[in-house]
**Student:** 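There's a structure below that I have some questions on.
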Number of protein chains: 2
Amino acid sequence: MSLHKTTIKDIAKELGISVATVSRALTGSHEVQEETREMVLRKAKELNYRPNIQARNLLKNRTNIIGVIVPEFVSFFFPEIIIGIQEVANREDYQVLICQSNETSDLERKNIEMLESSRVEGIIVSVTKESKNEPVFERLLNEQMPLVFINRVLPDLIADKVIIDDRKWAFKAVEHLIKCGYRRIAHLGGNEKLAVSANRLQGYLDAHRHYGLDVHPNLIMNLGVQQERASLGVNYLLSLKVKPDAVFCVNDPVAVGCMLELKKRGLKVPEDIAVVGFSESPIGRIMELTSVSQPTYEMGRVAAGKLLEQIKGNCKPAETVVLDAKLNIRNSSLPVHKRTQK
Amino acid sequence: MSLHKTTIKDIAKELGISVATVSRALTGSHEVQEETREMVLRKAKELNYRPNIQARNLLKNRTNIIGVIVPEFVSFFFPEIIIGIQEVANREDYQVLICQSNETSDLERKNIEMLESSRVEGIIVSVTKESKNEPVFERLLNEQMPLVFINRVLPDLIADKVIIDDRKWAFKAVEHLIKCGYRRIAHLGGNEKLAVSANRLQGYLDAHRHYGLDVHPNLIMNLGVQQERASLGVNYLLSLKVKPDAVFCVNDPVAVGCMLELKKRGLKVPEDIAVVGFSESPIGRIMELTSVSQPTYEMGRVAAGKLLEQIKGNCKPAETVVLDAKLNIRNSSLPVHKRTQK
DNA sequence: TTTATTTACGTAAACGTTTACATTGTTTGT
DNA sequence: ACAAACAATGTAAACGTTTACGTAAATAAA
């Protein structure tokens, strides 16, 4: 019941041999007598020896840990990405240190510094909106810290990135609304400084341009990516003389908030207003919300794969992996002529 | 652009002083001249020095890491607990290594061993259903590994536990149904071997006993804790000659699955059948599901607090902290006489 | 036999810190 | 003036490993 954890020295002393021999026996070196090895292994088991990874890592100057920074992980989205990351990392004996930046630039920076102090061998990050940490990431890149951006990226940085084509899929989502017969499509956008938001807005504009529809600036609002922000937007939209007949939302939470507010106001989806989200969510699925689904697990796996490659020193030039997505059409965006049949 | 990370030695060499002085300056020791300290701090910043935590920990024989094992973290519940844990842990400079056992006993054991090898200083765990690892946890306790069970516990083990009184709150939930006028209340239970499930079933039985209601064994089914399992139960319940007028579900996912299946079958909640869940969830809230809310963040904080106490060697006897919960009444369980008004 | 090679093991340095102890130079007390 | 106390710094050991190097004995080659 000693609080002392068995070390290699204890084994050596008990057997009257040197620590070097014990180490060799344990690491499976060939330069140790079979007889000796067995003796060591037996004693190690007897003393319930566990190698001290810290000491080994200090010597080899590694930690076998990678860091992950996400804005939050209460919504399904980032947890799924993290699971994908863990899957690949664990397979290669890496542990994953998970941090959440809580959507604040400041905590993001602190997390980075903490991960550096923990001597993680690489970092996978999904930046906060309004990340003011571009210089920090630049420093990391300069210092050759393996780094992969996922989902939310900094467009100006030359680094590995794993994303979907937000612009393209936003286009497809809005195109779907247009083809369904909707003509006054509003957009509840996220934060302009967030690349994903900006790109989805672009896709929205692209679709209008492509199908010759006028863009009404007063139908476009950038309120944020959180569910609660939606009511504000809905209230405004419903106050207009000419109301929109559909809303394309920057993500599912906002779309859900939008649907809830509409319901509260006594409006039916899609009969009065159609709604489309982005990124899929269990709640959205249940509410029959049309949305673009991202391959979350796969994104995590790919990001971890690229990070481990960087760590192993395969110094390929920075690459942006664009994964495929999918538009899932549900009842929240029925074609105008089919709506009454519902 | 060197791959070499700045060490205390580099600073010492550049300034022509000893590593001891540098160390003292950095750790805020009083026995160093103010002038020297400033010099060191300036140089440290210039060279972007980050202390190597591994080396420090090796010396002090600690890691400043605690491990957390949860069954899963895609649903809101465990992420919230984890955030609470991180909050307290980070405040005390501890990192959190998060593992998911994926509801399998085997992966749970592997995670434990992995955390041991990583020399975590303590473990917070929510066991899998049918955890066969009681002997493993017993060993950990014997070896004085700080350990706190949270939410899902092993009743026979003497250890720190952070829970709510599942039996009591299940009683309250069912009592609420009874007071609303429901008389044939079914129970979609979880796994019998899972303490939380067993306790919630007991609460269900208690309420029946307390209010003199007969228990109909064929209205009680233990199908599991996942949403998908609910349809099976609903199908069976609806096949009975005398159908239930309410369902008390072991948790929100099952309750949601239950509501969806009822909807699919053309039945209205609560007009045809009332539904009550447990543990709260965003989806449940949106579906207006009556449920018991647990203080997830607080549970995490308390568990982390207790673990850190254990780590610091405050060897109190094992204690079970029972936190308060709350029954949130929503439309899924309207009083029978009010239902038509809806 | 003598020399070269191999085998099995020991010695000691190294990783980046912290800290007990030693060593200065300076101040205080008598 | 001299001992005592103190302040600021240096020296070196320690944490638990791995591994380059050295060494002795045993074996193979000459």
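Fair warning: this is a prediction, and the values are worked out from it, not measured in the lab. Below, read A as the first sequence line, B as the second, and so on, with proteins coming before strands; counting in each chain starts at 1. Only heavy atoms go into these numbers, but all of them, side chains included; no hydrogens, no water, no symmetry mates.
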**Student:** Check every strand shown and say whether A:T7 touches a base, only sugar-phosphate, or nothing at a heavy-atom separation below 4.0 Å.
**Tutor:** sugar-phosphate
**Student:** Please classify the nucleic acid contact of B:I17 as base, sugar-phosphate, or nothing, using heavy-atom distances under 4.0 Å.
**Tutor:** sugar-phosphate
**Student:** Any base atoms under 4.0 Å from A:N61, or only sugar-phosphate, or nothing? Heavy atoms, all strands.
**Tutor:** nothing
**Student:** Run the salt-bridge test on B:E309 and B:K312 with the 4.0 Å N-O cut-off and return the result as yes or no.
**Tutor:** no
**Student:** Quick test of your reading of the model: are A:K5 and B:E116 salt-bridged, counting only N-O distances below 4.0 Å?
**Tutor:** no
**Student:** By nearest heavy atom, map B:L58 and B:R24 onto DNA chain C; which one lands nearer the 5' end?
**Tutor:** B:L58
**Student:** Return yes when atom CD1 of A:I158 has more than 12 non-hydrogen atoms of other residues, nucleotides or ligands closer than 6.0 Å, and no otherwise.
**Tutor:** no
**Student:** Would you mind reading off the bend of the helix from C:dT1-D:dA30 to C:dT30-D:dA1 from its two end axes, five pairs each, to 10 degrees?
**Tutor:** 60°
**Student:** In this structure, how many angstroms lie between the C1' atom of D:dG10 and the CD atom of B:E31, rounded?
**Tutor:** 12 Å
**Student:** Which nucleotide of DNA chain C is the first, and which the last, in the 5' to 3' direction, to come under 4.0 Å of a heavy atom belonging to chain A?
**Tutor:** C:dA8 to C:dG16
**Student:** What does A:S23 touch in the nucleic acid at a heavy-atom separation under 4.0 angstrom: a base, only the sugar-phosphate, or nothing?
**Tutor:** base
**Student:** Would you call A:D106 and A:R109 a salt bridge, using N to O less than 4.0 angstrom?
**Tutor:** yes
**Student:** Measure the distance from CD1 on B:I11 to P on D:dG10 and round it to the nearest whole Å.
**Tutor:** 14 Å
**Student:** How is A:T27 classified with respect to the nucleic acid when contacts are heavy atoms under 4.0 Å: base, sugar-phosphate, or nothing?
**Tutor:** sugar-phosphate
**Student:** Does B:K129 reach the side chain of B:K193, with side-chain heavy atoms less than 4.5 Å apart?
**Tutor:** no
**Student:** If you find the nucleotide of DNA chain D closest to A:R56 and the one closest to B:T36, which residue's nucleotide is nearer the 5' end?
**Tutor:** B:T36
**Student:** Any heavy-atom pair between the side chains of B:N48 and B:T6 that's under 4.5 Å?
**Tutor:** no
**Student:** Considering every strand and a 4.0 Å limit on heavy-atom distances, what is the contact class for B:Q33: base, sugar-phosphate, or nothing?
**Tutor:** sugar-phosphate
**Student:** Within a strict 4.5 Å, meaning less than it, do heavy atoms of the A:L97 and A:S118 side chains meet?
**Tutor:** yes
**Student:** Base, sugar-phosphate or nothing for B:R50? Non-hydrogen atoms, less than 4.0 Å.
**Tutor:** sugar-phosphate
**Student:** Whole angstrom is fine here: how far is it from NE2 in A:H30 over to P in D:dT19?
**Tutor:** 12 Å
**Student:** Distance-only, no hydrogens or angles: does the A:T128 side chain make a donor-acceptor pair with backbone N or O of A:P71 under 3.5 Å?
**Tutor:** no
**Student:** I want to confirm an ordering. Mapping B:A20 and A:A20 to their closest nucleotides on DNA chain D, which one lands closer to the 5' end?
**Tutor:** B:A20
**Student:** For A:L59 and D:dT19, what is the distance between atoms CG and P respectively, to the nearest whole Å?
**Tutor:** 7 Å
**Student:** In terms of side-chain geometry, is the basic nitrogen of A:E46 or A:K43 positioned less than 4.0 Å from the acidic oxygen of its partner?
**Tutor:** yes
**Student:** Which whole-number value in Å describes the distance from B:E34 CD to D:dT9 P?
**Tutor:** 11 Å
**Student:** Looking only at atom types and distance, does a side-chain atom of A:N133 sit under 3.5 Å from a main-chain N or O of A:V136, one as donor and one as acceptor?
**Tutor:** no
